[in-house]
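Worksheet: the structure to be examined is printed underneath.
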Amino acid sequence: MYKTGLIQHAKRLSHLVSEARMSSQPNVYVTRPDVDISGLELLRKSCNVTTWSKALPVPREELLREIKGKDALYCALTDKIDAAVLDSAGDQLKCVSTISVGYEHIDVQECKKRGIRVGYTPDVLTDATAELTLALLLATNRRLFEANKEVYNGGWKSWSPMWMCGQGLKNSRVGLYGFGRIGQEIAARIVPFKPALITYTTRTARREEATKVNAQRVDFNEMLGLSDFIVVCCALTPETKEIFNAAAFEKMKPNCIFINTARGGVVDQKALCEALESKRILGAGLDVTTPEPIPLDDPLLKLDNVVVLPHIGSADIETRKEMSRIAARNILAALDGCEMESEVFV
Ligand code: NAP
Ligand code: GLV
C-alpha cells in the first residue's frame with residue numbers, strides 16, 4: 001500500500017518536472033514537416049517543436065495562427081515571411097531560419113528592425129545546384145527530352161543525319177548573369193566542355209574568382225549580344241526583378257539558349273514565351289518559373305524548345321539532409337545568442 005503510494009508520487013513528480021522543462025524550453029514552429037528528420041531531431045532535443053502537418057506549403061491563415069508566441073520559425077522558400085507574420089508571432093520571436101540560400105521570401109529589413117535574426121543555407125547546396133544547372137543546360141541544348149519523347153511516340157524512324165541536332169558547348173560563348181558561389185561553380189563545370197569564351201555580369205568585379213576559370217566581366221548588354229548560352233544564377237532583388245524582359249530577349253542572338261536556375265522572378269515570363277514562340281531565341285531551360293508550380297495550361301509548356309523542371313536545383317539527398325540540419329543549427333545558435341552558421345546580414 002505504502003509502496004504503491006510512493007510510486008504514484010514519483011510518477012506525479014516526474015510528470016511535473018517534464019512539464020516544467022517543456023514550459024521553459026523555447027517554442028519553434030516548422031512550416032515543412034517533410035524536411036529531413038535529422039534537422040527536426042536536433043531541434044527537438046532542446047525545443048518544443050510544432051510542425052505544419054502536410055507536405056505542402058502551410059496556408060497563410062494557419063501560419064499566422066501557429067506562429068503566435070513562438071521563439072523561432074523554421075521555414076522554406078514557399079513561405080512569405082512579412083511584417084504580418086512577424087506581428088502575429090509577437091515580440092519574443094528571435095529567429096527566422098530558412099532552408100534555402102535564396103531569402104527574397106523573407107522581409108529581412110523588417111526582421112532586422114525588430115532584432116530578429118535570419119538564418120539561411122548557402123554553400124552546402126552550391127555544388128548540387130551547379131550540377132543541376134549543367135544537367136539542364138545539356139538537356140536543353142542537346143534536346144534530350146524532345147528526343148526521348150520521340151522514342152516513345154514512334155517518331156524515331158531511323159538514324160538520321162540532321163535529326164535532333166542541337167548546339168554544342170564547344171567553341172561557344174557562355175554568359176553568366178551572376179557570378180557568386182553557384183555561378184563560379186557552374187563556370188568551373190563548363191570549362192571542360194571547351195567553350196570559346198565565358199563572360200559574367202555582376203555588381204562587383206570578382207576578378208580573382210574570374211581568373212580561375214578565365215572568365216571576362218562584361219556589362220549586361222554586351223553579354224546579351226555575345227552569348228550563345230545565357231545562364232542566370234543571380235539573386236532575385238528589386239534590381240534583378242524581370243531584368244530579362246522583351247528588350248533583353250530582343251538583344252540576344254537567334255541561336256541563344258537561355259538557362260535559369262535562379263528565380264522565376266528574374267524573367268518576364270510572357271516576354272520569354274514570345275521570344276521562344278517566335279524563334280527569336282533558340283531554346284530555354286528553366287528550373288524556376290512564375291508561379292511555381294507552373295500551371296499545366298501555361299503556354300511555355302506547349303513549346304518543344306523549352307525544358308521545365310520543378311525547382312530541383314539543390315535536390316540531392318545529402319545536400320537536402322545537411323540543409324535541414326543547418327537550418328536547425330541556425331535556430332539553436334540564435335536562441336543561445338551565439339554566432340549562427342549562416343546568417344543573412346544586409
Ligand atoms: P551568391 O553567392 O550571393 O551570388 C549571387 C550573385 O548574384 C552574385 O554574383 C551577385 O553579384 C549577383 N547579383 C545580385 N544582384 C545583381 C545585380 N543587380 N546585377 C548583377 N548581378 C547581381 O548566391 P548563390 O549562392 O550563388 O545563389 C544564387 C541564387 O541562386 C540564390 O539567390 C537563389 O535564388 C538561387 N538558387 C536556386 C536554386 C534552385 O533550386 N534552382 C538553388 C540554390 C540557389 P555580386 O557578385 O556583384 O555580388
Ligand atoms: C533554392 O532555390 C534555394 O534558394 O535554396
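Each ligand, and each atom within it, is numbered from 1 in the order the structure gives. If you're wondering where the values come from, they're calculated on a predicted model, not measured in any experiment.
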Exercise for the section: Show which residues join Met164 in its hydrophobic cluster (side-chain heavy-atom contacts under 4.5 Å, direct or indirect), or state none. Expected result: Val151, Tyr152, Trp156, Trp163
Exercise for the section: For atom 30 (O) of ligand 1, state which one of Ile182, Val232, Thr204 supplies the nearest heavy atom. Expected result: Ile182
Handout entry: Side-chain ion pair, Glu62 and Lys68, N-O less than 4.0 Å
Key = no
Practice task
Verify whether the ring centers belonging to Tyr200 and Tyr177 lie closer than 6.0 Å.
Solution key: no
Exercise for the section: State plainly whether the residues Asp268 and Lys270 are in salt-bridge range, i.e. N to O under 4.0 Å. Expected result: no
Problem - Any Val101 heavy atom less than 4.0 Å from ligand 1 - result: yes
Handout entry: Ala262 heavy atom under 4.0 Å from ligand 1
Key = yes
Problem - Which segment of Thr129 sits under 4.0 Å of ligand 1 when only heavy atoms are counted - result: side chain
Problem - Test: Asp107 and Lys112 ion pair at under 4.0 Å - result: no
Practice task
Verify whether the ring centers belonging to Phe258 and Phe229 lie closer than 6.0 Å.
Solution key: no
Practice task
Could you check atom 2 (O) of ligand 1 against the protein and tell me its nearest heavy-atom contact, residue, atom and distance included?
Solution key: Arg181 N, 2.9 Å
List below, pair by pair, the N or O atoms of ligand 2 and of the protein that are less than 3.5 Å apart, including the distance to 0.1 Å; reply 'none' if no pair qualifies.
unit_1   : atom_1 : unit_2 : atom_2 : d
ligand 2 : 2 (O)  : Arg263 : NH1    : 2.8
ligand 2 : 2 (O)  : Arg263 : NH2    : 3.4
ligand 2 : 2 (O)  : His311 : NE2    : 2.6
ligand 2 : 4 (O)  : Val101 : N      : 3.4
ligand 2 : 4 (O)  : Gly102 : N      : 2.8
ligand 2 : 4 (O)  : Arg263 : NH2    : 2.7
ligand 2 : 5 (O)  : Val101 : N      : 2.8

Completion exercise
The answer for which part of Cys233 has a heavy atom under 4.0 Å from ligand 1 is backbone
